[in-house]
Amino acid sequence: MAGYPDAETSLRIALALIDAGADLLEIGLPYSDPLADGATLQRASAVALRHGARLDDSIALVGRIHAARPDTPLVAMGYVNQVLGGRDGASVLQRLGEAGVSGFILADLTPDEGAELEAEAARFGIGIVYLVAPTTPHARRAYVASRSQGFLYAVSLAGVTGARRRLPRGVGRFLSDVRAVSPVPVAVGFGVSRPAHARQLARVADGVIVASALVDALGPDGRDLERMAVLVRSLREATTRD
């Protein structure tokens, strides 16, 4: 989460994540109404906002991360209102592209309403990443996958983000079905928090997305970088296929 627990520490966190083995870094843009996020990321977003984080600050942070680790793809995660701001989104998308973002997850955007943003994002080298869930009808999964760029975000459950002890029942079949109709790689997130989860999901998905568990690992003050790095390394090891 950009700006959590403060601007400088969030930069150190980002670089530590990459150095510990993350193949790609998703950077949350703090927002007052993060509807898809559970308690952990809501708290992180609220702390960042309380400490003065704004969209401009988040974009500047992205630029600093990209400059320090230019070979690691960066994907922003946010909500449509952050991009539009009463306009067509070109200004925010342009600045994100120039900062080094190559993908953008907009949790409340559907492909039915995303064509204009897709076109604007493409102008600046950004692919819009869409989401599918177990509740997405089978026929619609193929349509959403056909519009997603870079990868397709498979939500493992019907709910919000947050670390969980167990993976939901049927997630393997769900991912197999989604991969069968997706022209792009499928990465799975929401609830993924342990190396055992990553090991299981690596057999049926192209990528594993972990967010809340990493924030939790930072501890209550958001500063335990070593504990977080240990978790990243263990997740990375668990996803290495034989």
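All heavy atoms count here, side chains included; hydrogens, waters and symmetry mates do not. Sequential numbering from 1 along the given sequence is applied to the chain's residues.
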Problem set entry | Salt-bridge present (E120, R123; N to O < 4.0 Å) |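 R123 and E120: salt-bridged.
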Exercise. Salt bridge between D6 and R223, side-chain N to carboxylate O under 4.0 Å?
Worked result: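 Result for this pair is yes, salt bridge flagged.
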Could you tell me if the side chain of [Y] sits less than 4.5 Å from the side chain of [X], heavy atoms only?
X	Y	result
L24	I209	no
H51	Y4	no
T110	Y130	no
R140	D112	yes
V208	L235	no
R64	S10	no
V155	T136	no
L74	R69	no

Exercise. Of L218, L15, L17, which is the lone residue that meets side chain to side chain contact (heavy atoms under 4.5 Å, CB included) with L225?
Worked result: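 That would be L218.
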Over all atoms of both residues, closest heavy-atom pair of [X] and [Y]:
X	Y	answer
A217	L231	CB-CD2, 4.1 Å
A205	L175	CB-CD1, 4.3 Å
L41	M1	O-CE, 3.8 Å
I128	L109	CG2-CD2, 4.1 Å
R179	R203	NH1-O, 4.2 Å
A107	L131	CA-CD1, 4.1 Å

Would you give the length of the straight line joining atom [atom1] of [X] to atom [atom2] of [Y], rounded to the nearest 0.5 angstrom?
X	Y	atom1	atom2	value
I27	I13	CD1	CD1	12.0 Å
L84	S91	CG	OG	12.0 Å
M228	R233	CE	CZ	9.0 Å
L55	Y31	CG	OH	11.0 Å
L61	L29	CG	CG	9.5 Å
L25	T72	CG	OG1	7.5 Å

For this session: Check the pair V188 / F174 against side-chain contact (heavy atoms from CB on, under 4.5 Å), numbers first and verdict last.
Result: CA-CA 10 Å; V188 56; F174 163 62; 5.8 Å; no
Problem set entry | Test log, rule side-chain contact (heavy atoms from CB on, under 4.5 Å), inputs M77 and Y79 | CA-CA 7 Å; M77 190 279 184; Y79 296 85; 4.1 Å; yes
Are any side-chain N or O atoms of [X] and backbone N or O atoms of [Y], one a donor and one an acceptor, separated by less than 3.5 Å?
X	Y	result
Q149	V184	no
D177	H138	no
R54	P30	no

Exercise. Hey, mind stepping through Y153 and V75 against side-chain contact (heavy atoms from CB on, under 4.5 Å) and telling me if it holds?
Worked result: CA-CA 12 Å; Y153 195 133; V75 174; over 6 Å; no
Exercise. Can H197 and V210 be said to form a side-chain contact (heavy atoms from CB on, under 4.5 Å), step by step?
Worked result: CA-CA 10 Å; H197 297 169; V210 180; over 6 Å; no
Problem set entry | Greater than 12 external heavy atoms within 6.0 Å of R173's CZ |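 Counting neighbours around CZ of R173, 12 or fewer heavy atoms of other residues, nucleotides or ligands fall under 6.0 Å, so no.
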Exercise. Between V181 and V186, is there a shared hydrophobic cluster once you connect ILVMFWY residues whose side-chain heavy atoms come closer than 4.5 Å?
Worked result: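 No: no chain of side-chain contacts under 4.5 Å links V181 to V186.
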Exercise. Under a single-linkage definition using a 4.5 Å side-chain heavy-atom cutoff for Ile, Leu, Val, Met, Phe, Trp and Tyr, are V92 and L49 assigned to the same hydrophobic cluster?
Worked result: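 No, V92 does not connect to L49 through the hydrophobic network.
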